[in-house]
Asks: 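Got a structure for you, questions after.
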Amino acid sequence: MSRTLYSCTMSLDGFMSGPRGDMQWLNRHLGPNPLAEDIVDRIGSLLVGRRTHDGDDPNRGTDHEGAFGGQWHGPVFVLTHRPPEEPPADPDLRFMTDLGPAVAAAREAAGDRYVNVLGAEVARGCLEAGLLDEILVLVAPVLLGDGTRLFDWPGGHSVDLRPTHVSDAGGVVNLWYDVVHRPPAAESA
């Protein structure tokens, strides 16, 4: 069965993108990283938020445009409140409006590989629904000061994580965690 993995690169101060969704800051920090390169072959589908799907690709207009520097191709499920009226021309691209069915479809498409979650809002929704299994964060040596936070859940609760891997790749620190799923609290009698 597939597992859901939220993966991203963030600044040391916790931002995945800069102001107005700017992702160009990543260009200076996308050097060789064996862990990040290895994960690409372990992904079976992507579950992506609409802002991430439509957003700023730091490799736009180059041979490295697309997911994981253009290295990954396959089924992409875009979670959105505003699906396009016309179906996409790309048969691997599907727009969906409900989290549960989107995760189920992405899991089915992934087979025994990862469903890679991209986008802060989708990851938060998966966490809130108990549908996220792992988190991989590549921490870049930069302070952005503003932008989209890795995790923002006003009024939410803490989520326990169990570290499974820590490594360094040219100044970028790779942090991999399992999400600790707690059983629902017992109902009071």
Side-chain angles (χ1 to χ4, degrees), residues 2-26 29 36 39 43-60 65-69 72 74-85 88 90 92-110 114-140 142-161 175-182:
S2 68
R3 290 178 56 83
T4 52
L5 169 68
Y6 176 32
S7 70
C8 67
T9 302
M10 77 170 188
S11 62
L12 183 60
D13 55 348
F15 296 101
M16 299 177 356
S17 67
R20 295 170 303 287
D22 173 41
M23 296 298 288
Q24 298 307 308
W25 68 274
L26 276 173
H29 305 286
I39 195 67
I43 296 170
S45 69
L46 300 180
L47 177 62
V48 183
R50 182 69 182 257
R51 281 184 291 182
T52 299
H53 177 264
D54 292 346
D56 184 20
D57 184 338
N59 296 306
R60 182 166 283 131
E65 185 173 350
F68 302 98
W72 189 86
V76 177
F77 299 85
V78 179
L79 192 61
T80 180
H81 297 291
R82 303 173 326 275
E85 291 183 22
D90 182 348
D92 282 335
L93 182 60
R94 186 168 168 196
F95 290 87
M96 301 186 74
T97 58
D98 294 318
L99 179 65
V103 170
R107 282 186 191 271
E108 183 177 335
Y114 280 112
V115 172
N116 197 96
V117 176
L118 300 174
E121 290 295 314
V122 174
R124 183 187 54 76
C126 286
L127 274 169
E128 189 175 348
L131 298 172
L132 191 66
D133 299 310
E134 301 176 38
I135 299 173
L136 171 60
V137 179
L138 285 58
V139 182
V142 63
L143 301 171
L144 292 179
D146 193 9
T148 301
R149 292 206 171 276
L150 170 75
F151 184 70
D152 196 10
W153 190 355
H157 58 83
S158 66
V159 176
D160 291 331
L161 306 173
L175 304 171
W176 202 322
Y177 301 92
D178 278 339
V179 175
V180 177
H181 294 283
R182 297 178 183 250

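Residue numbers run from 1 in the order of the sequence given.
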Asks: Please report the closest heavy-atom contact between Met96 and Ala105, naming both atoms and the distance.
Replies: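 Looking at all heavy atoms of both residues, the shortest contact is SD-CB, 4.0 Å.
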Asks: Mark yes or no for whether Asp98, through its side chain, and Gly100, through its backbone, hold a donor-acceptor pair below 3.5 Å.
Replies: no
Asks: Is it the case that the side chain of Asp13 and the backbone of Gly145 share a donor-acceptor pair, with hydrogens and angles ignored and the cut-off at 3.5 Å?
Replies: yes
Asks: Is any side-chain heavy atom of Val179 closer than 4.5 Å to a side-chain heavy atom of Ile135?
Replies: yes
Asks: By ring-ring contact (aromatic ring centres under 6.0 Å, His included), which residues pair with His157, not counting sequence neighbours?
Replies: Trp153
Asks: Kindly say whether Thr4 contributes a backbone atom to a donor-acceptor pair with the side chain of Asp133 at under 3.5 angstrom?
Replies: yes
Asks: Does Glu121 have any salt bridge (charged side-chain N to carboxylate O under 4.0 Å, His left out) partners at least two apart in sequence or in another chain, and if so, which?
Replies: Arg124
Asks: Using atom types as modelled and distance alone, determine if a side-chain donor or acceptor of His181 lies under 3.5 Å from a backbone N or O of Leu131.
Replies: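 Side chain of His181 to backbone of Leu131, a donor-acceptor pair under 3.5 Å: no, none is there.
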Asks: Using side chain to side chain contact (heavy atoms under 4.5 Å, CB included), reason through Phe15 and Arg149 one step at a time and then give a plain yes or no.
Replies: CA-CA 4 Å; Phe15 296 101; Arg149 292 206 171 276; 3.5 Å; yes
Asks: Looking at Tyr6 and Gly119, what are the two nearest heavy atoms and their distance?
Replies: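 The answer is CE1-O, 3.9 Å.
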Asks: Mind checking what makes salt bridge (charged side-chain N to carboxylate O under 4.0 Å, His left out) contact with Asp178, not counting sequence neighbours?
Replies: Arg3, Arg162
Asks: Would you compute the distance between atom CG of Leu138 and atom OG of Ser7 and round it to the nearest 0.5 angstrom?
Replies: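 Between Leu138 CG and Ser7 OG, I get 8.0 Å after rounding to 0.5 Å.
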Asks: Quick one: closest heavy-atom pair of Ala129 and Leu99, and the distance?
Replies: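 That closest heavy-atom pairing would be CB-CD2, 4.1 Å.
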Asks: Which heavy atom of Cys8 sits nearest a heavy atom of Leu150, and at what distance?
Replies: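 For Cys8 versus Leu150, the nearest heavy atoms are SG-CD1, 3.2 Å.
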Asks: Any chance you could measure Leu132, atom CG, to Leu5, atom CG, to the nearest 0.5 Å?
Replies: 7.5 Å
Asks: Should Val115 and Val103 be marked as a side chain to side chain contact (heavy atoms under 4.5 Å, CB included) after you check the CA-CA gap, both sets of side-chain angles, and the distance that decides it?
Replies: CA-CA 8 Å; Val115 172; Val103 170; 6.0 Å; no
Asks: If I compare all heavy atoms of Ala110 with all of Ser45, which pair ends up nearest, and what's the gap?
Replies: CB-OG, 3.7 Å
Asks: In Å, rounded to the nearest 0.5 Å, how long is the span from CG of Leu136 to CH2 of Trp176?
Replies: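 So the gap between those two atoms works out to 5.5 Å.
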Asks: Could you walk me through whether Ser11 and Leu143 pass the side chain to side chain contact (heavy atoms under 4.5 Å, CB included) test, one step at a time?
Replies: CA-CA 6 Å; Ser11 62; Leu143 301 171; 5.9 Å; no
Asks: Let me see the working for Thr9 and His29 under side chain to side chain contact (heavy atoms under 4.5 Å, CB included), right down to the final yes or no.
Replies: CA-CA 9 Å; Thr9 302; His29 305 286; 5.5 Å; no
Asks: Out of the candidates Val48, Val122, Leu79, only one should pair with Val117 under the side-chain contact (heavy atoms from CB on, under 4.5 Å) rule; please name it.
Replies: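 Going through the options one by one, the only one that passes is Val122.
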Asks: How far apart are the closest heavy atoms of Met10 and Trp25, and which atoms are they?
Replies: C-CH2, 3.7 Å
